[in-house]
Asks: 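One structure coming up, written as structure tokens, with questions to follow.
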There are 2 protein chains.
Amino acid sequence: MPEPKQTKASPIMADTDIAIVRIAPETSFKNKAYEALKEAILKMDIYATPEPVMLDERALSERLGVSRTPIREAIAMLEQDGFVKTVPRRGIVVVRRTKAEIVDMIRAWAALESMAARLITTTARKKDISALRDFFKDFSDDRLPQDHVEEYSKANIAFHQALISLSESPVLVDLTNDLLLHVRGYRQLTIGRKDRTATSLPEHLGIIEALEARDTELAEKRARDHTLGLAAYVEAHGQELFT
Amino acid sequence: MPEPKQTKASPIMADTDIAIVRIAPETSFKNKAYEALKEAILKMDIYATPEPVMLDERALSERLGVSRTPIREAIAMLEQDGFVKTVPRRGIVVVRRTKAEIVDMIRAWAALESMAARLITTTARKKDISALRDFFKDFSDDRLPQDHVEEYSKANIAFHQALISLSESPVLVDLTNDLLLHVRGYRQLTIGRKDRTATSLPEHLGIIEALEARDTELAEKRARDHTLGLAAYVEAHGQELFT
DNA sequence: TCGTGGCATTTGGTATGCCAAAAACGTAAT
DNA sequence: ATTACGTTTTTGGCATACCAAATGCCACGA
């Protein structure tokens with residue numbers, strides 16, 4: 001009889017299916033190149049120089065020690081992500097976002113995060129919600145966020161990502177992570193700006209309180225308004241950030 | 001003789017810069033393959049058969065008349081989109097979404113669309129908003145949507161896409177289009193189900209009215225609740241849709 | 001001096017060939 | 001007949017070679 005081919009284990013070791021589920025996935029050169037290039041792109045300050053940043057396939061393949069083929073596949077993937085754009089017979093250019101695009105992304109982020117907040121009020125556990133406060137435990141009246149902007153900025157990002165994760169919605173998590181990668185292109189310059197930092201912490205605490213109170217509408221509104229506030233800030237003050 | 005192909009204009013016609021802006025972009029085989037495969041994947045009914053749908057690089061390259069290289073690059077792009085997943089030395093499998101994933105996507109869609117509605121109340125022109133009614137002009141009490149499900153389903157999709165477009169937010173437009181492509185995997189089975197169709201039209205009209213009234217909060221709420229309603233419906237009745 | 005034509009170079013696009021892993025197949029031994 | 005084992009085939013990954021378009025350099029000539 002046609003028994004399903006799935007693990008035709010011999011009778012003796014039928015019950016010894018130890019945790020040997022998958023041996024080394026051994027990521028391909030394509031994926032390695034993708035990760036390497038993605039990190040490199042995110043690390044470089046694209047908005048520092050006026051002239052566009054270009055990539056060279058052959059130079060990359062030589063530097064990474066692989067042929068052009070996996071490099072090109074990685075480039076194709078990065079292009080899908082919107083990080084680069086290849087112009088036929090001209091070169092591969094690292095995409096620079098305009099202020100309008102960044103603002104637009106932040107608005108989308110606000111939409112997704114407010115939905116996450118909504119979901120959290122109905123599903124997350126109380127202790128997990130309260131744990132969100134830990135991200136800011138190093139800040140207080142004696143140690144103001146605006147005096148440690150860089151550190152607060154990291155805590156800020158971590159908080160938002162943890163918040164979204166609480167929604168237990170893979171789609172929301174993935175989409176916001178993608179957006180954050182683009183927005184973080186000029187991390188020091190936006191998220192952690194001193195004048196916004198002052199109002200940021202209280203707003204975060206307000207969100208947490210609404211979540212704990214299971215107030216769906218309020219949590220959604222506070223999450224949305226908080227991030228829309230960032231969008232408005234960038235729109236108003238971000239002019240100098242784009243040379 | 002090799003005449004310069006790029007019309008190096010002589011001084012006489014220096015100011016006669018006619019509309020010769022760009023010659024044929026001539027999309028590459030890579031992009032052609034990407035489009036072709038994407039359409040093919042969306043067209044096939046992935047959820048019809050129990051066994052996973054596989055793709056074969058060599059077969060595809062032969063059928064499309066190109067080598068494997070552009071095919072592989074197209075596959076890499078599709079994998080970034082989440083349409084396929086290549087398993088090393090096993091094959092390329094068309095991804096099948098679970099009910100939970102679809103519901104999750106619809107929720108994200110609801111989030112983005114409600115943000116679009118919010119933006120529309122502050123920026124869109126009245127006449128553009130009112131024009132949204134045209135999508136449903138073929139339906140009335142004499143010609144109920146639930147009696148023309150297929151046709152209404154198309155109008156439904158078109159309405160939602162037009163709605164998002166009114167936000168003039170490229171990010172929202174792109175993200176929702178991507179989500180819709182995945183959700184539409186079983187178009188007839190979800191969006192246009194008869195029992196939901198009856199309540200769909202009034203809700204749409206309600207959204208349009210809120211937009212026209214520039215009632216930001218109400219428009220946002222109606223847009224969100226409408227699409228969340230679909231999510232809830234799929235979650236409740238979608239069991240049979242996944243074999 | 002200036003510009004014009006062409007040749008060399010650069011760069012992305014594509015085709016092809018080979019490799020190793022794994023599945024598929026077939027054969028022989030029990 | 002079933003199992004075990006070895007061979008063949010399949011399949012994705014990667015390297016390499018070639019092409020054609022676009023660019024830039026440079027010599028030649030008005």
Side-chain angles (χ1 to χ4, degrees), chain A residues 1-14 22-37 51-79 84-94, chain B residues 1-14 22-37 51-79 84-94:
Chain A
M1 57 162 55
E3 189 202 29
K5 56 272 306 269
Q6 197 65 352
T7 58
K8 190 67 164 285
S10 59
I12 353 177
M13 58 178 296
R22 267 299 180 203
I23 319 180
E26 296 191 37
T27 89
S28 59
F29 285 166
K30 170 184 68 176
N31 289 308
K32 286 184 180 177
Y34 171 74
E35 295 299 335
L37 292 179
E51 64 275 5
V53 181
M54 307 288 287
L55 299 180
D56 180 65
E57 285 185 8
R58 287 168 231 264
L60 292 174
S61 78
E62 193 171 329
R63 184 177 303 218
L64 293 181
V66 298
S67 80
R68 286 176 56 208
T69 306
I71 298 288
R72 283 182 55 77
E73 290 174 341
I75 296 288
M77 294 164 70
L78 288 170
E79 190 164 12
V84 302
K85 171 138 188 71
T86 100
V87 186
R89 289 173 207 89
R90 293 301 290 269
I92 302 162
V93 51
V94 179
Chain B
M1 57 163 62
E3 189 201 32
K5 53 273 299 194
Q6 190 55 6
T7 58
K8 186 62 161 282
S10 57
I12 351 176
M13 57 181 297
R22 268 298 181 204
I23 318 181
E26 298 193 38
T27 89
S28 59
F29 284 167
K30 170 183 68 175
N31 290 308
K32 286 184 180 177
Y34 172 73
E35 295 299 336
L37 292 178
E51 64 275 5
V53 180
M54 308 289 287
L55 299 181
D56 180 64
E57 285 184 8
R58 287 169 231 263
L60 291 173
S61 78
E62 192 171 328
R63 183 175 306 216
L64 293 180
V66 298
S67 78
R68 288 176 56 208
T69 307
I71 298 288
R72 283 181 56 78
E73 292 176 349
I75 296 289
M77 295 164 70
L78 288 170
E79 189 164 13
V84 302
K85 169 139 188 71
T86 99
V87 186
R89 293 183 200 83
R90 293 297 292 267
I92 303 161
V93 51
V94 179

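Keep in mind the model is a prediction, meaning the values are calculated, not measured. Every chain is numbered from 1, with letters handed out A, B, ... down the list of sequences.
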Asks: Starting from the C-alpha separation in whole Å, work towards a yes-or-no answer on side-chain contact (heavy atoms from CB on, under 4.5 Å) for Met77(B) and Met77(A).
Replies: CA-CA 5 Å; Met77(B) 295 164 70; Met77(A) 294 164 70; over 6 Å; no
Asks: Would you say Arg72(B) reaches dG13(D)'s phosphate, i.e. side-chain N/O to OP1/OP2 under 4.0 Å?
Replies: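 Checking dG13(D) against Arg72(B), a side-chain N or O does come within under 4.0 Å of OP1 or OP2.
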Asks: Please determine, for the side chain of Thr69(B), which listed nucleotide (dT16(C), dG12(C), dG13(C)) has the closest atom?
Replies: dT16(C)
Asks: Think Arg89(B) has a side-chain N or O under 4.0 angstrom from the OP1 or OP2 of dA23(C)?
Replies: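 Result: no.
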Asks: Starting at the 5' end of DNA chain D and moving along, which residue's nearest nucleotide shows up first, Ile92(B) or Gly65(A)?
Replies: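 Looking at DNA chain D, the more 5' nearest nucleotide goes with Ile92(B).
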Asks: Does Ser67(B) have a side-chain nitrogen or oxygen under 4.0 Å from the phosphate oxygens OP1 or OP2 of dA15(C)?
Replies: yes
Asks: Counting any heavy atom closer than 4.0 Å, what does Ile71(A) reach on the DNA or RNA strands: base, sugar-phosphate only, or nothing?
Replies: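 Since no nucleic acid heavy atom lies under 4.0 Å of Ile71(A), the category is nothing.
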Asks: Using whole Å, what does the distance between atom P of nucleotide dA24(C) and atom CZ of Arg90(B) come to?
Replies: 8 Å
Asks: What heavy-atom pair brings Asp56(A) and Ala59(A) nearest, and what distance separates the two atoms?
Replies: OD2-N, 2.8 Å
Asks: If I take atom CD in residue Glu79(A) and atom C1' in nucleotide dG12(C), what distance separates them, rounded to the nearest angstrom?
Replies: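 Taking CD of Glu79(A) and C1' of dG12(C), I get 11 Å after rounding.
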Asks: Return the value, rounded to whole Å, for the distance between atom CD of Glu57(A) and atom C1' of dA21(D).
Replies: 15 Å
Asks: Given atom CD of Glu73(B) and atom P of dG13(C), what is their separation to the nearest angstrom?
Replies: 7 Å
Asks: OP1, OP2 of dG13(D) versus side-chain N and O of Thr86(B): anything below 4.0 Å?
Replies: yes
Asks: Taking all non-hydrogen atoms of both residues, which atom of Ala74(B) and which atom of Tyr34(B) are closest, and how far apart?
Replies: CB-N, 3.6 Å
Asks: Write down the distance between CZ (Arg68(B)) and P (dG12(D)), rounded to a whole number of angstrom.
Replies: 7 Å
Asks: Can you tell me the distance, in whole Å, between the NZ atom of Lys32(A) and the P atom of dC14(D)?
Replies: 9 Å
Asks: When rounded to the nearest 0.5 angstrom, what is the spacing between CG in Leu60(B) and CZ in Arg72(B)?
Replies: 12.0 Å
Asks: Could you state the atom-to-atom distance from CE of Met54(A) to P of dA22(D) in whole Å?
Replies: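 In whole Å, dA22(D) P and Met54(A) CE are 15 Å from each other.
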Asks: Hey, what do you get for OG1 (Thr86(A)) to NZ (Lys30(B)), rounding to the nearest 0.5 Å?
Replies: 4.5 Å
Asks: Just the rounded figure in Å: distance from C1' of dA20(D) to CZ of Phe29(B).
Replies: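 Atom-to-atom, Phe29(B) to dA20(D), this comes out as 13 Å.
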Asks: Determine the contact category for Ile75(A): base if any of its heavy atoms lies under 4.0 Å from a base atom, sugar-phosphate if only primed atoms, P, OP1 or OP2 are that close, otherwise nothing.
Replies: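 Ile75(A): no heavy atom of the nucleic acid under 4.0 Å.
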